[in-house]
Enquirer: 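Quick one: this structure, given as structure tokens, is what I'll be asking you about.
Nothing here was measured: the structure is a model prediction, and the numbers come from that model.
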Amino acid sequence: MQEQDNYRSKARIFGVLTVILALLHHDFWYWDDRTLVMGFMPIGLFYHLLFSIAAAALWAMTIKFAWPSHIEEWADEVQDSGDGEGGGQ
């Protein structure tokens, strides 16, 4: 039970972070900005480059810290006991 509560709190935190990241995806503040980063890249494209890196990092941290391992353990137990509804091979 402790493990499920821990999972739920982590899932809630990463869910909030995902919503925040989704809101930041709509970068209306750079639409009319003609600033070039490093002399060739529009600031909006650079923002999306950083956004993509942040999204990948958030997903990696979600997998590492908030993955529902209790569900995998349950599935492994069912599979090992042979009680699951399977393809009958």
Enquirer: If you measure from NZ on K64 to NZ on K10, what distance do you get to the nearest 0.5 Å?
Expert: 9.5 Å

Enquirer: Suppose clustering is done on Ile, Leu, Val, Met, Phe, Trp and Tyr with side-chain heavy atoms closer than 4.5 Å. Which residues sit in the same group as L23?
Expert: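 Once heavy-atom contacts under 4.5 Å are chained together, L23 belongs with V19.
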
Enquirer: In residues 28-40, what donor-acceptor pairs under 3.5 Å come from side-chain atoms, sequence neighbours left out?
Expert:
from: D33; atom 1: OD1; to: T35; atom 2: N; distance (Å): 2.9
from: D33; atom 1: OD1; to: T35; atom 2: OG1; distance (Å): 2.5

Enquirer: Can you give me every donor-acceptor pair (side chain of residues 46-53, partner residue at least two apart or in another chain, under 3.5 Å) with its distance?
Expert:
from: Y47; atom 1: OH; to: L24; atom 2: O; distance (Å): 2.5
from: H48; atom 1: NE2; to: D27; atom 2: OD1; distance (Å): 3.2
from: S52; atom 1: OG; to: H48; atom 2: O; distance (Å): 2.9

Enquirer: Kindly work out whether a path of hydrophobic side-chain contacts (I/L/V/M/F/W/Y, heavy atoms less than 4.5 Å apart) joins I43 to L45.
Expert: yes

Enquirer: Nearest 0.5 Å please: distance from the CD1 atom of I20 over to the NE2 atom of H25.
Expert: 16.0 Å

